[in-house]
Asker: 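Structure provided below as structure tokens; questions to follow.
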Amino acid sequence: EVQLVESGGGLVQAGGSLRLSCKASGFTFDEYAIGWFRQAPGKEREGVSCFSKSDDNTVYADSVKGRFSISTDDAKNTAYLQMNSLKPEDTAVYYCAALILCDYYRDFALTFRSWGQGTQVTVSS
């Protein structure tokens with residue numbers, strides 16, 4: 001059974017940093033890409049970042065390029081999202097999910113319907 005558990009969210013001042021964790025089970029990062037997504041109240045869920053080991057592909061949303069970094073630790077079967085220089089507009093619930101390829105992760109954000117509980121990130125101004 002594929003399971004993903006997000007953690008690491010919290011409240012941080014603008015300009016601060018957080019590192020989110022995504023503990024995976026039931027699959028490996030050799031088999032599936034791992035993506036980070038977020039949803040703010042009243043807004044559509046959007047893709048933030050995605051990493052695919054199979055085709056060596058890493059992508060970021062334009063809004064987070066240069067500030068966020070995705071990584072994986074295969075030994076721990078955990079993915080991370082390092083978030084630096086946080087802005088109030090980064091406030092959202094953050095989710096991770098497994099997908100086939102990162103090429104379609106933006107559409108995946110809008111069509112996938114089996115999200116976990118996510119982790120809340122709140123950035124104060």
Asker: Do Cys50 and Leu99 pass the side-chain contact (heavy atoms from CB on, under 4.5 Å) test, and can you show the C-alpha distance, the side-chain angles, and the key distance before you say yes or no?
Answerer: CA-CA 9 Å; Cys50 184; Leu99 59 160; 4.1 Å; yes

Asker: For Ala98 versus Ile34, what's the shortest heavy-atom pair and its separation?
Answerer: N-CD1, 4.4 Å

Asker: Is it the case that over 12 heavy atoms from other parts of the model lie below 6.0 angstrom from the CG atom of Asp30?
Answerer: yes

Asker: List the atom of Phe108, the atom of Ala97, and the distance in Å for their closest heavy-atom pair.
Answerer: CE2-CB, 3.7 Å

Asker: State plainly whether one hydrophobic cluster holds both Val93 and Tyr80, where clusters connect Ile, Leu, Val, Met, Phe, Trp and Tyr through side-chain heavy atoms under 4.5 angstrom apart.
Answerer: no

Asker: Is a donor on one side and an acceptor on the other found under 3.5 Å between the side chain of Arg67 and the backbone of Ser85?
Answerer: yes

Asker: Checking Ser54 side chain against Ser52 main chain: does a donor-acceptor pair fall under 3.5 Å?
Answerer: no

Asker: Between Tyr95, Tyr105, Phe68, which is the residue that forms a side-chain contact (heavy atoms from CB on, under 4.5 Å) with Val48?
Answerer: Phe68

Asker: Might you point out which heavy atoms bring Asn84 and Ser17 nearest each other, and give the distance in Å?
Answerer: OD1-OG, 2.9 Å

Asker: Using 30° and 60° as the class limits, which term best fits the ring planes of Phe112 and Trp115: parallel, tilted or perpendicular?
Answerer: perpendicular

Asker: Run the numbers on Leu81 and Arg19 for side-chain contact (heavy atoms from CB on, under 4.5 Å), then give the verdict.
Answerer: CA-CA 6 Å; Leu81 184 69; Arg19 188 179 73 159; over 6 Å; no

Asker: For Phe51, does the CZ atom sit with more than 12 other heavy atoms under 6.0 Å from it, leaving out its own atoms?
Answerer: yes

Asker: Run the salt-bridge test on Asp90 and Lys87 with the 4.0 Å N-O cut-off and return the result as yes or no.
Answerer: no

Asker: Can a side-chain donor-acceptor contact be found between Asp73 and Thr78 if the only test is distance below 3.5 angstrom?
Answerer: no

Asker: Which pair of heavy atoms, one from Leu18 and one from Leu86, lies closest together, and at what distance?
Answerer: N-CD1, 3.9 Å

Asker: Taking the side chain from Lys23 and the backbone from Lys76, do they hold a donor-acceptor pair closer than 3.5 Å?
Answerer: yes

Asker: Start with the C-alpha distance between Gln117 and Val5, add both sets of side-chain angles, then the distance that settles side-chain contact (heavy atoms from CB on, under 4.5 Å), and finish with yes or no.
Answerer: CA-CA 8 Å; Gln117 82 285 351; Val5 180; 3.8 Å; yes

Asker: Kindly say whether Ile70 contributes a backbone atom to a donor-acceptor pair with the side chain of Tyr60 at under 3.5 angstrom?
Answerer: yes

Asker: Show the nearest heavy-atom pair for residues Ala109 and Gly47, with the distance to one decimal.
Answerer: CB-N, 3.7 Å

Asker: Under the 6.0 Å and 45° cation-pi test, does Arg38 pair with Tyr94?
Answerer: no

Asker: If you look at every heavy atom in Cys22 and Leu4, which pair is closest and at what distance?
Answerer: SG-CD2, 3.6 Å

Asker: Can you check whether Glu6's main-chain N or O pairs, donor with acceptor, with Thr119's side chain at less than 3.5 Å?
Answerer: no

Asker: Keeping the roles fixed (side chain from Asn77, backbone from Ala24), state whether a donor-acceptor pair exists under 3.5 Å.
Answerer: yes

